[in-house]
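Worksheet for the structure shown next.
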Amino acid sequence: MKKTIIFVLSVIMMLSFSACGNTMKGEEGIIEKARKEVPLADAEDMEIKIIGSHYLGDKYLFWLMTGNEYQHNRYFVMETDIKDEDEYEFVKLYEPMDRGMDIRALYYTCMGDNVLDTYYLFMVNNEDCVKMVLNGEEINIESHPFVYKYKEFEGEYIFLDKDGNEIR
């Protein structure tokens with residue numbers, strides 16, 4: 001009986017310690033977790049920034065950018081569960097679809113009010129891009145980086161420069 005109690009307590013401690021490794025506090029915690037999760041060899045030394053976020057029910061998704069003006073930028077989306085004020089638990093890291101020079105899109109599905117919700121998440125960090133057109137709806141981009149979510153998107157999207165030319 002004594003061995004069983006010790007075994008159960010050991011398992012509980014191991015599980016609680018493993019959960020602690022996924023809990024992040026504030027932006028610094030998110031960036032430190034990103035250093036461990038992004039699939040880049042030099043992530044420990046690379047600059048990583050949070051460039052935007054989306055709140056989706058009980059989830060926060062953070063757009064991350066690696067690199068700087070001297071390095072090639074890579075973009076990732078970190079999915080987290082909300083634990084407490086400014087405290088998150090890591091769920092998964094996504095690499096969004098490349099839609100052209102510093103433009104990314106991610107198709108994301110999550111549980112909503114007892115149904116699956118679907119979103120298209122967009123990130124634009126291209127200074128030449130001033131407008132997105134989603135299902136014929138024009139969205140002006142006034143600052144970069146720019147993040148945007150569109151629920152239940154079905155159709156097409158394009159990105160335009162100031163002259164109305166499509167950015168590819």
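Quick caveat: nothing in here was measured; it's all calculated off a predicted structure.
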When clusters are formed by joining ILVMFWY residues with side-chain heavy atoms under 4.5 Å apart, either directly or through shared neighbours, do Val124 and Val77 land in the same one? no
Hydrophobic side-chain clustering at under 4.5 Å (ILVMFWY, transitive links): who's grouped with Leu160? Put none if nobody. Val133, Ile158
For Met97, look at atom CE and say whether over 12 heavy atoms of other residues, nucleotides or ligands are found less than 6.0 Å away. yes
Okay, side chain of His144, backbone of Cys129: is any donor-acceptor separation there less than 3.5 Å? yes
Give a yes or no on whether the backbone of Asp163 and the side-chain of Asp161 come within a donor-acceptor separation of less than 3.5 Å. yes
side-chain hydrogen bond (donor to acceptor under 3.5 Å, both in side chains) involving Glu166 - partner list, sequence neighbours excluded: Arg168
Would you call Lys59 and Asp81 a side-chain contact if the rule is heavy atoms closer than 4.5 Å? yes
Look up atom CD1 in Ile50 and atom CD in Glu28, then write down how far apart they are to the nearest 0.5 Å. 10.0 Å
With clusters built from Ile, Leu, Val, Met, Phe, Trp and Tyr whose side-chain heavy atoms come within less than 4.5 Å, directly or transitively, what are the remaining members of the cluster of Val91, listed by chain and number? none
Taking only residues two or more places apart in sequence, or in another chain, which ones meet Tyr94 in a side-chain hydrogen bond (donor to acceptor under 3.5 Å, both in side chains)? Glu79
Taking side-chain hydrogen bond (donor to acceptor under 3.5 Å, both in side chains) as the definition, give me every residue that meets it alongside Lys149, ordered by chain and number, with sequence neighbours left out. none
Please confirm whether the backbone N or O of Glu87 pairs with a side-chain atom of Asp84, one donor and one acceptor, at under 3.5 Å? no
Hey, does Met132 have a side-chain heavy atom less than 4.5 Å from the side chain of Tyr157? no
Residue list, side chain to side chain contact (heavy atoms under 4.5 Å, CB included) with Thr109, at least two apart or on another chain: Tyr107, Leu116, Thr118
Hey, could you give me the CG/OH distance between Leu134 and Tyr120, rounded to the nearest 0.5 Å? 11.0 Å
Is any side-chain heavy atom of Ile51 less than 4.5 Å from a side-chain heavy atom of Met123? yes
Mind checking what makes side chain to side chain contact (heavy atoms under 4.5 Å, CB included) contact with Leu93, not counting sequence neighbours? Glu37, Val38, Pro39, Leu64, Phe76, Met78, Phe90
Which residue pairs pass the side chain to side chain donor-acceptor pair (under 3.5 Å) test when at least one of the two sits in residues 123-134, sequence neighbours left out? Tyr75-Asn125, Lys131-Glu138
Please identify each residue that fulfils ring pair (Phe, Tyr, Trp, His ring centres under 6.0 Å) with Phe62, with sequence neighbours left out. Tyr60, Tyr88
Partners of Tyr150 by ring pair (Phe, Tyr, Trp, His ring centres under 6.0 Å), sequence neighbours excluded? Phe153
Contacts of Glu95 meeting salt bridge (Lys or Arg N to Asp or Glu O under 4.0 Å) (sequence neighbours excluded), chain-then-number -> Arg74
Who passes side-chain hydrogen bond (donor to acceptor under 3.5 Å, both in side chains) against Asp98, sequence neighbours left out? Arg104
